[in-house]
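In what follows, a single structure is set out as structure tokens and then discussed.
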Number of protein chains: 2
Amino acid sequence: MDKKQAILKSVLKLVNREGFYHLNMKKIAQEAGVAAGTIYLYFKGKEDLINALYGMIVNEFNQNVLEGYDDGKPVKANFFNMIDLAIDFYLAEPDNFSFIEQYTYAPFLFKENQDENFTLLLPIYKMMREGKKQGVIRNIPDAILLALIHGPMNTIIKLHLAHKTDLNKKGAKQKFHEAVWQAISV
Amino acid sequence: MDKKQAILKSVLKLVNREGFYHLNMKKIAQEAGVAAGTIYLYFKGKEDLINALYGMIVNEFNQNVLEGYDDGKPVKANFFNMIDLAIDFYLAEPDNFSFIEQYTYAPFLFKENQDENFTLLLPIYKMMREGKKQGVIRNIPDAILLALIHGPMNTIIKLHLAHKTDLNKKGAKQKFHEAVWQAISV
DNA sequence: AAAAAATGAATGAACGTTCATTTTTGAAAA
DNA sequence: TTTTCAAAAATGAACGTTCATTCATTTTTT
């Protein structure tokens, strides 16, 4: 078995279960079924480990979501596809969501690197600009559009994971992405 | 000067400046201008201190936002007032926002208490239900409505604090709350 | 001068990291 | 195929540091 992957998976599991605050190297090692020292064969240290995991998730996310983008299709269809894929990504592996949320606001990294936090939004950005050019998306400032798309997505997933709503219910995702579309379309 | 308040303010400042991860009792004491031991005269320990601060901010927030609510006025006016007040609250003291965000996803508290996280949403909830009853707000599930209101607010403040947009610019808040209203109104 | 508040050095536990030692691997030799 | 053995991988006890908390002592208040 790939130990590097096992270690990363342990961090993911532990951060979700107990939070960043209670995360420590011994627990990570135990959960991964390796010795504490082994972690240092694959990562420079705790900080490096955390950052590597973050990078991995961001890449997976972008890869997944961008698969829903097809130049040939209209903006609206692309929008629906991408929203749905983004939601599916987090519902399939809720630990990813919890980790990203905690990481974003618990900077291990230095302040300069914090701009990278917006990397997650790049697919949305791309689609947004295209829609504005075609005149199907309202001509309001980018930041507001971004807030109207990313914000609700974030909150609905939080609510789902807290069992305040159920996105797996038939039609739930449609209702949601249509509501968001209504917010941003002309 | 009230030492209890000074200690709480220190935590707020430090969490925003360096994050939860680097927070420690000696720094808190130094920043507050008291001895480390003094903190324990006012709080049971670190966890108690953090939780007390969270409770304080949530109360202040709700008090502020609910001042924008007037039973005599139409739902739309109340909505605009409350959104604006909520934004003002965080812009006036950005440390509050940063703290709440970090706290919400870095549970010191045990999982059971996590439902309290939704306490912050109570004013929105109240307004939402009233609007639905009057037929001025769309009849979609509460969770989706909540996501369409709370989510964008959260994100726009994040973007503002990251200097990706400027909510203090003339008309910016209007543009924003009107966009959100468009998303939720019939 | 008694009571209350504050201090900060001391304590011990927790934790990240290191490294001397052990185990595993796999290619070459028998 | 079996044996050998050097290199690579893995181990986990030990180390040094950090940090929350305590409490004997000092300072302030009444």
Side-chain angles (χ1 to χ4, degrees), chain A residues 1-57 95 98-99 102-103 105-111 113, chain B residues 1-57 95 98-99 102-103 105-111 113:
Chain A
M1 212 253 260
D2 188 350
K3 302 213 164 158
K4 192 169 180 179
Q5 286 303 312
I7 292 164
L8 288 166
K9 285 282 172 215
S10 296
V11 177
L12 204 55
K13 203 177 288 184
L14 285 167
V15 167
N16 184 46
R17 197 193 297 149
E18 306 177 13
F20 257 132
Y21 188 71
H22 297 107
L23 187 70
N24 71 56
M25 299 302 266
K26 194 172 250 170
K27 275 189 201 164
I28 295 170
Q30 266 170 359
E31 182 75 31
V34 301
T38 306
I39 298 174
Y40 293 84
L41 299 177
Y42 297 98
F43 303 95
K44 273 194 252 166
K46 195 180 180 185
E47 194 172 319
D48 181 50
L49 171 55
I50 304 286
N51 289 332
L53 181 53
Y54 178 76
M56 210 186 74
I57 295 174
D95 291 359
S98 172
F99 180 84
Q102 291 193 49
Y103 180 91
Y105 261 93
F108 277 82
L109 53 166
F110 294 100
K111 288 266 168 180
N113 297 38
Chain B
M1 213 253 259
D2 187 350
K3 303 212 163 160
K4 192 169 179 179
Q5 286 304 310
I7 291 165
L8 288 167
K9 285 283 172 213
S10 297
V11 176
L12 203 54
K13 202 176 289 183
L14 286 168
V15 167
N16 183 46
R17 198 194 297 151
E18 308 176 12
F20 258 133
Y21 188 70
H22 297 108
L23 188 69
N24 71 55
M25 298 303 267
K26 194 173 247 171
K27 276 190 200 164
I28 296 170
Q30 266 171 358
E31 182 76 31
V34 301
T38 306
I39 298 173
Y40 293 84
L41 300 177
Y42 296 99
F43 303 96
K44 272 194 253 169
K46 195 180 180 183
E47 194 171 319
D48 181 51
L49 171 55
I50 304 285
N51 289 333
L53 180 54
Y54 178 77
M56 211 187 72
I57 296 175
D95 291 358
S98 171
F99 180 84
Q102 291 194 50
Y103 181 91
Y105 260 93
F108 277 80
L109 54 165
F110 293 100
K111 288 266 169 182
N113 297 37

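Hydrogens, waters and symmetry mates play no part in the numbers below; they use all other heavy atoms, side chains included. Worth saying up front: this structure is predicted, and the values here are computed from it rather than measured. Below, chains carry the letters A, B, ... as their sequence lines are ordered, and counting in each starts from 1.
Here the nucleotide nearest the side chain of B:Lys46, chosen from D:dA20, C:dA5, C:dG16, is D:dA20. The side chain of A:Tyr40 lies closest to C:dT17 when the candidates are C:dT7, D:dA20, C:dT17. Distances from the side chain of B:Asn24 to the nucleotides C:dA6, D:dA20, D:dT11 place D:dA20 closest. Checking C:dT7, D:dA20, C:dG16 against the side-chain heavy atoms of B:Met25 singles out D:dA20 as nearest. If you check C:dA6, D:dT11, D:dT21 against the side chain of B:Thr38, the one that comes closest is C:dA6.
Between B:Tyr54 and B:Tyr103, the ring-plane angle classifies as parallel under the 30° and 60° cut-offs.
Along DNA chain C, the nucleotide closest to A:Gly37 and the one closest to B:Val34 are compared, and the more 5′ of them pairs with B:Val34.
Backbone-only engagement by A:Tyr42 is indicated by non-hydrogen atom pairs under 4.0 Å involving sugar-phosphate atoms exclusively.
Note: CD1 (A:Ile28) to P (D:dT11) measures 15 Å, nearest angstrom. Rounded to whole angstrom, the span from the NE2 atom of A:His22 across to the P atom of C:dA13 amounts to 18 Å. At whole-Å resolution of the value, NZ in A:Lys26 and C1' in D:dG12 are 9 Å apart. Rounded to whole angstrom, the span from the CZ atom of A:Phe43 across to the P atom of C:dG16 amounts to 15 Å. Rounded to an integer number of Å, the gap from A:Leu14 CG to C:dG16 P is 12 Å.
Side-chain N or O atoms of B:Gln102 include one that pairs as donor or acceptor with a backbone N or O of B:Phe20 at under 3.5 Å. In this structure, B:Ser10 contributes its side chain and B:Ala32 its backbone to a donor-acceptor pair below 3.5 Å.
Legend: salt bridge (Lys or Arg N to Asp or Glu O under 4.0 Å) pairs involving residues 32-41 of chain B, not counting sequence neighbours: none detected.
Distances shorter than 4.0 Å separate some side-chain N or O of A:Lys3 from OP1 or OP2 on D:dA10.
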